[in-house]
Amino acid sequence: MKNNEVAQALNEMAVLLEIQGKDKFKPKAYSRAARSIASLGEDIEAIASRGELTEIPGVGKALAEKIDALLKTGSISQLEELRKEIPVNVRELDAIPGVGPMTMKLLYESLGITDLESLEKAVKEGKLTGLKGIRQKTVNQIVEGIQLVRAGLGRTLLANAFPVAQSIESALKHIKSVRQINVAGSFRRRKETIGDIDILVDATDGEKVMEAFVHLEGVTDVLAHGPTKSSVRLSTGLQLDVRVLPPESYGAGLQYFTGSIDHNVHVRTIAQKQGLRLSEYGLFKGEEQVAGKEEGDIYKALGLDYIEPELREDKGEIEAAQRHELPNLVSLAQIRGDLHTHTNKSDGANSIEEMLDVAASKRYEYYCISDHTKSLTIAGGMTEEQILDAIDEIDGINSSGRWKLKVLKGAEVDILANGELDISDDVLERLDVVTASVHTKMKDTKEAITDRVCAALQNRHVDILGHPTGRLLLKRSEYEVDLERIFETARAAGVTMELNSHPERLDLNDGNLRAAKRYGLKIAINTDAHRVGELHNMQFGVFQARRGWLEPIDVINTYPLKELLKLFRK
DNA sequence: GCCGTTTTCGGCCCGACTGTTTTCAGTCG
């Protein structure tokens, strides 16, 4: 069972409990736990098998038992009972923007509406108007909401949000009264996918900014339009929220609009306990503002070390900040090379020379060419002979001195279905860096894939395991694989895990990275670039590494060449 | 239902916007 399925079940319970209306806080506890599990990034079944469910923030004894039951039997008895009592299809109706538990309750109790279909029917028959608190505008909202659900409200890859954020930012910057502008929210936390873009503006004339904002090019819907806060939807479906705050509150606003909801609740609770009140307007003692102009002052005033945006998920960073034990996160400037790249010798678009020109412009100290190998015929994988030729060519390049960086000889070798590699050992022997990857039979059973990968890791020439879970964000989920067993095997075999920086992969994910670090593994942040432009994807890998709490010591391509090569000499 | 250096009981973040009201409930982030 996947984390998302568990999260959905708990979220459904939260909504049903809220409809039931017996307890005000129980639903909050359930939805908190649901959010927490949805963003775990580590297989919940693995956590459950270790008996560590209660270590998940927001999961206590009672919820751990329910999750265990769900994982073992496929259902939670309390959820089944709630469904009988309130037969509303929460998953369908909850997806409609503007429709929450109270609306669902009203629709169900007065009209017997239980799902999208019956809601649509009731709307068509004009039955909604006249219900308590519902008139034409609300009906219109619901109609539009249903259309959106049918169209599929999607998330966007972080990389795809970048150009949008930049163009909005520069459009708003041109307004006269705008002094500062920042993109906050999950974008600033560098989540791998984002649901909307939150923009914070410091301006004297908020209404003017709002006016310009709702009339931006590409805006198809204005969802809200107030004096300090507005929301719009673009033709691409992406939602943008903008908020204006005065300069004395700007730091507090940045703090508030960057943190995840759980991070914010946690920080505000800490403020409360110190007799303070924290909002986007600042940190207050009574009427007096203690902090607010600068974001860092908020944390400082609460006795916390500054927490980097990528960590603000309430996954232990606040406790670490209290203990002054936050990690010194790896940064892009510390990256000395790229260890997984392709050329037109297999399925890349550019020549070695073209790739090296761009790599050199990044002032890399080393750079590894690692084209596909022969069994991946669709990618024009190289035979042993071709690899040997490439080795000679790279030797020539290195001795030519044309580029300052050291070119490393590598290959992205295929892990065959039986766990063997598709290139003979005597050729692998001559390579500097061997990355082994799974590209085929990805729908095999968990045991089969795990066995296969573990077998490959035993080959003493393997240095790095490429994109360890094989997922493609928003397209294909990770293949079934027991990462814990792979981590253990990799540690014993001295194999490094890849963090593939391609915006669609970002594989390993943040939770996996933290787990890998716990296992004592090292990480290589690689672009897997197939064309020169993709060499710039390194930044996305670094973002992900930071979300995974990685420090330079954890990331082998921050090491100087000598130390790196020592690592690969087994 | 969770959680804890004020607490193992008694709290549980805070504010904007909308649509419906005529002071507020619901939703959202």
Side-chain angles (χ1 to χ4, degrees), chain A residues 10 13-15 17-19 21-36 53-67 78 93-94 96-107 128-142 145 184-186 189 194-200 206 210 214 222-232 239-245 249 252-253 255-284 303 314 318-319 322-323:
Chain A
L10 295 183
M13 286 188 84
V15 176
L17 287 166
E18 205 169 342
I19 294 176
K22 280 187 192 158
D23 186 328
K24 219 178 132 196
F25 295 101
K26 211 195 269 197
K28 284 186 200 295
Y30 275 80
S31 59
R32 156 101 204 271
R35 280 197 305 274
S36 199
L53 285 174
T54 54
E55 282 175 28
I56 299 169
V59 176
K61 201 164 162 269
L63 276 176
E65 278 172 18
K66 291 186 172 71
I67 295 166
Q78 289 91 339
L93 296 185
D94 198 37
I96 306 171
V99 173
M102 292 305 115
T103 310
M104 283 184 227
K105 183 182 167 80
L106 174 73
L107 294 174
L128 259 57
T129 26
L131 289 183
K132 190 168 183 290
I134 293 188
R135 293 176 93 166
Q136 198 51 49
K137 276 198 171 176
T138 306
V139 176
N140 293 347
Q141 247 184 16
I142 289 174
S186 51
R189 298 202 306 280
I194 59 160
D196 59 18
I197 297 183
D198 296 300
I199 298 158
L200 187 65
M210 293 302 150
V214 299
V222 178
L223 308 171
H225 184 181
T228 69
K229 182 181 169 181
S230 296
S231 295
V232 300
Q239 186 177 322
L240 306 180
D241 299 337
V242 71
R243 180 67 189 269
V244 175
L245 283 167
S249 297
Q255 195 280 325
Y256 172 53
F257 286 104
T258 299
S260 74
I261 181 167
D262 295 312
H263 176 90
N264 289 343
V265 169
H266 196 157
V267 173
R268 287 178 176 200
T269 307
I270 287 173
Q272 248 185 354
K273 283 177 184 160
Q274 297 178 14
L276 304 166
R277 183 174 51 85
L278 177 61
S279 75
E280 61 266 46
Y281 291 103
L283 184 63
F284 295 91
D314 196 26
I318 293 170
E319 293 84 350
Q322 282 172 323
R323 295 193 305 262

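A, B, ... follow the sequence lines: proteins, then strands. Residue 1 opens every chain.
- Scanning for side-chain hydrogen bond (donor to acceptor under 3.5 Å, both in side chains) contacts around A/Gln141 gives an empty result, with sequence neighbours left out.
- Heavy atoms of A/Thr228 sit under 4.0 angstrom from primed sugar atoms or phosphate atoms, though from no base atom.
- With a cut-off of 3.5 Å on both pairing distances, the Watson-Crick or G-U wobble partner of B/dT27 is B/dA16.
- Base orientation of B/dT7: syn, the glycosidic angle falling within 90° of 0.
- A/Pro27 comes within 4.0 angstrom of nothing in the nucleic acid, heavy atoms only.
- In this structure, the salt bridge (Lys or Arg N to Asp or Glu O under 4.0 Å) partners of A/Asp262, at least two apart in sequence or on a different chain, are A/Arg32, A/Arg35.
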Heavy atoms under 4.0 Å is the rule here; annotate nucleotides 21-29 of chain B 5' to 3' with B where the base is hit, S where only the sugar-phosphate is, and - elsewhere.
S----SSSB

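- For B/dC14, neither phosphate oxygen OP1 nor OP2 lies less than 4.0 angstrom from any side-chain nitrogen or oxygen of A/Tyr281.
- Using a 4.0 Å heavy-atom distance criterion, A/His266 is classed as making no nucleic acid contact.
- Each of A/Ser279 and A/Leu223 was assigned the nucleotide of DNA chain B with the nearest heavy atom; the assignment lying further toward the 5' end belongs to A/Ser279.
- Counting only heavy atoms from C-beta on, A/Arg243 has its side chain closest to B/dA16 among B/dG19, B/dC14, B/dA16.
- Distance check on atom C1': B/dT8 versus B/dC3 gives 9 Å, rounded to whole Å.
- Rounded to whole Å, the P atom of B/dG19 lies 28 Å from the corresponding atom of B/dC13.
- Side-chain N/O atoms of A/Thr138 include one lying less than 4.0 angstrom from OP1 or OP2 on B/dT20.
- For A/Lys66, the salt bridge (Lys or Arg N to Asp or Glu O under 4.0 Å) criterion is met by no residue, not counting sequence neighbours.
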Under 4.0 Å protein heavy-atom contacts per nucleotide of nucleotides 1-12 of chain B, with B for base, S for backbone only and - for none:
BSS--BB----B

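- Remark: the separation of the C1' atoms in B/dT18 and B/dT23 is 15 Å, to the nearest Å.
- Separation of the C1' atoms belonging to B/dG1 and B/dT6 is 23 Å when rounded to the nearest angstrom.
- Partners of A/Thr258 by side-chain hydrogen bond (donor to acceptor under 3.5 Å, both in side chains), not counting sequence neighbours, listed by chain and number: A/Arg188.
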